[in-house]
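Remarks on the structure that follows.
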Amino acid sequence: MAAVNANSKADSSQAPLIGSDSEQPASMSRYVTLLFAVACGMSVANIYFAQPILDRLSSEFGIDYSIIGIVVTITQIFYGLGLLLLVPLGDLLNQRRLVIGQMLLSMIALVIVGTAANSTVLFAGMAMVGLLAVVTQTLVAFAATMAAPAERGRVVGMVTSGIVIGILLARSISGILTDLAGWRSVYMVSAALMLVMVCMFYKVLPRVEREVKSLSYPQLLGSVFRLFIQERILRIRSILALLIFADFSILWTSLVLPLSSAPLSLSHSAIGAFGLAGVAGALAAARAGKLADRGYGQRTTGTALTLLLVSWLFISYTEQSLFALVIGIVLLDLAVQAVHVTNQTMILPLRAEARSRLTAGYMVFYSIGSAGGSIASTHIYAHYGWEGVCMLGASVSAAALLFWAMTLRTTAAAIK
């Protein structure tokens with residue numbers, strides 16, 4: 001670890017040193033922000049490529065419909081482990097090297113999935129994909145460090161919009177490539193694109209160092225748990241993240257099942273295209289970060305959670321009206337993205353020297369919610385059909401809205 005700190009000091013002579021908000025540059029260029037957003041979208045998409053092709057994976061590897069959601073769940077579980085074990089390293093190591101190294105390993109993991117000969121190799125590859133996809137959160141923390149305080153909400157909003165758009169476009173891309181060249185092509189194409197992004201980042205990614213405390217790796221991980229004890233806003237917003245992303249996963253994991261079955265029987269390309277509707281919602285929510293910068297974070301959260309609950313009314317008519325489904329998707333993704341951006345805009349300023357650890361702790365709850373929503377939705381669909389899935393989603397939405405209302409005063413007091 002001493003060697004790590006020595007390397008960091010050596011690098012700092014050639015790169016700008018950032019230790020606090022007051023020392024940060026006046027602005028982060030839109031080009032660099034966009035590059036961060038694209039990289040985040042590409043990386044996180046790897047987790048969600050499997051969702052619109054679960055039926056194909058079920059057939060090829062002999063996995064029953066009632067448990068096929070475990071493919072997504074495994075990825076999310078290891079994503080959660082990566083958040084806890086890898087993301088905090090962004091507060092200790094050179095972030096540029098960390099990002100490039102993780103993306104190279106992600107490329108290898110994608111090749112393993114794309115060439116899997118049996119379910120064991122498939123699950124192992126998916127686990128690696130999930131573990132290494134946490135590079136997205138290293139990038140979010142990196143962007144927050146580079147951004148000036150007055151623009152942090154805008155920058156975080158744009159970068160996290162890239163994440164949500166990547167999640168949604170993953171379904172469209174996965175469906176189209178599966179219909180054209182089989183499901184394996186999805187992962188091989190992604191591996192090639194990851195290599196291209198690594199080359200771009202090697203040339204463009206800023207060489208930025210921060211002043212960091214000398215911590216051992218166990219101390220670094222332990223500090224993540226201490227942050228939960230010390231920061232009330234982090235605890236509240238993390239629970240909201242768990243609930244909203246459980247809702248998000250409940251919809252998107254199980255949606256392929258009614259759409260691919262009679263009487264709809266849509267193609268994988270058509271199913272994946274519904275992700276485009278979600279992109280509209282995510283783009284509409286990009287202003288949430290600006291609203292949070294102006295002090296409207298709580299109001300934005302309440303409005304978004306109400307829309308989240310309403311969205312399930314439209315989604316429940318999926319088998320009768322695809323137009324109603326589109327409306328529901330736009331509302332749900334708008335709501336989830338708005339709350340997520342607001343959450344991060346409120347959390348990241350808490351400790352300037354610990355943004356990677358704050359991000360890691362918060363996103364662990366995101367992963368728990370996503371994994372739970374994935375396995376619960378396919379299990380409920382197998383036993384109670386689409387109506388059961390919609391009841392589950394609406395119940396989680398109502399719980400999130402109730403929790404937000406119950407913590408209004410607590411959050412206001414913590415902000416003051």
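Starting from 1, each residue takes its place in the sequence as its number.
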Could you verify whether a donor N or O on one side chain and an acceptor N or O on the other, from S249 and S370, lie under 3.5 Å apart?
no
Is the gap between the ring centers of H340 and Y362 under 6.0 Å?
yes
Can you tell me how the ring of F228 sits relative to the ring of F365, calling it parallel under 30°, perpendicular over 60° and tilted otherwise?
tilted
Looking only at atom types and distance, does a side-chain atom of S367 sit under 3.5 Å from a main-chain N or O of V364, one as donor and one as acceptor?
no
Can you tell me if T407 uses its side chain to pair, donor with acceptor, with the backbone of W404 under 3.5 Å?
yes
Are side-chain N/O atoms of Y79 and Q137 paired as donor and acceptor at under 3.5 Å?
yes
Quick one: does Y381's side chain get under 4.5 Å of P258's, heavy atoms only?
yes
If only side-chain N and O atoms count, and only distance matters, is there a donor-acceptor pair under 3.5 Å linking R237 with T301?
yes
Could you tell me if the side chain of L139 sits less than 4.5 Å from the side chain of I163, heavy atoms only?
no
Testing the basics here: between C40 and V159, what is the closest heavy-atom pair and its distance to 0.1 Å?
SG-CG1, 3.6 Å
Tell me whether Y317 at atom OH has more than 12 heavy atoms from other residues, nucleotides or ligands lying less than 6.0 Å away.
no
At what distance, to the nearest 0.5 angstrom, does CG of D247 lie from CG of L392?
8.0 Å
Heavy-atom check, side chain of L266 versus side chain of F274, under 4.5 Å
yes
Check L98 against G90 and note the closest heavy-atom contact, atom names and distance.
CD2-N, 3.7 Å
Can D333 and F248 be said to form a side chain to side chain contact (heavy atoms under 4.5 Å, CB included), step by step?
CA-CA 7 Å; D333 288 332; F248 187 87; 2.9 Å; yes
Over all atoms of both residues, closest heavy-atom pair of S106 and A133
OG-N, 4.4 Å
Output the distance between atom OG (S311) and atom CG (L332), rounded to the nearest 0.5 Å.
4.0 Å
Give the intermediate values and the outcome of side chain to side chain contact (heavy atoms under 4.5 Å, CB included) for residues S174 and Y48.
CA-CA 9 Å; S174 180; Y48 296 92; over 6 Å; no
Kindly indicate whether the side chain of F225, heavy atoms from C-beta on, has any atom under 4.5 Å from the side chain of I229.
no
So, T303 side chain and R299 main chain: donor-acceptor pair closer than 3.5 Å or not?
yes
Kindly indicate whether the side chain of M126, heavy atoms from C-beta on, has any atom under 4.5 Å from the side chain of I47.
no
Closest heavy-atom contact between Y187 and N46?
CE2-O, 4.2 Å
For Q230, I'd like to know if atom CD has over 12 heavy atoms of other residues, nucleotides or ligands within 6.0 Å.
yes
Quick one: closest heavy-atom pair of F78 and A127, and the distance?
CB-O, 3.3 Å
W386 (side chain) donor-acceptor with I315 (main chain) under 3.5 angstrom:
yes
To the closest 0.5 Å, what do you measure between CE (M158) and CD1 (I165)?
9.0 Å
If we only count heavy atoms from C-beta on, is the I375 to H379 side-chain gap below 4.5 Å?
no
Do V134 and L81 come within less than 4.5 Å of each other through their side chains, counting heavy atoms only?
no
Heavy-atom side-chain proximity of Y217 to L89 below 4.5 angstrom
yes
Between atom CG of L255 and atom OG of S260, what is the distance when rounded to the nearest 0.5 Å?
9.0 Å
Got a second to check how far W252's CH2 is from I329's CD1, nearest 0.5 Å?
4.0 Å
Quick one: closest heavy-atom pair of L83 and M363, and the distance?
CD1-O, 2.8 Å
Any donor and acceptor pair, going by atom type alone, linking the side chain of R184 with main-chain N or O of A116 inside 3.5 Å?
yes
Side chain to side chain contact (heavy atoms under 4.5 Å, CB included), that's the test. Do M346 and T342 meet it? Break it down for me.
CA-CA 6 Å; M346 294 175 69; T342 303; 3.9 Å; yes
For the atom pair OG (S238) and CG (L243), what is the distance rounded to the nearest 0.5 Å?
11.0 Å
Taking the six-membered ring of Y202 (Phe, Tyr or Trp), confirm whether the NZ or CZ of R96 is under 6.0 Å from its centre and within 45° of its axis.
yes
Determine, step by step, whether V326 and L322 satisfy the side chain to side chain contact (heavy atoms under 4.5 Å, CB included) criterion, reporting the C-alpha distance in whole Å, the side-chain angles of both residues, the deciding distance to 0.1 Å, and the verdict.
CA-CA 6 Å; V326 170; L322 294 180; 5.6 Å; no
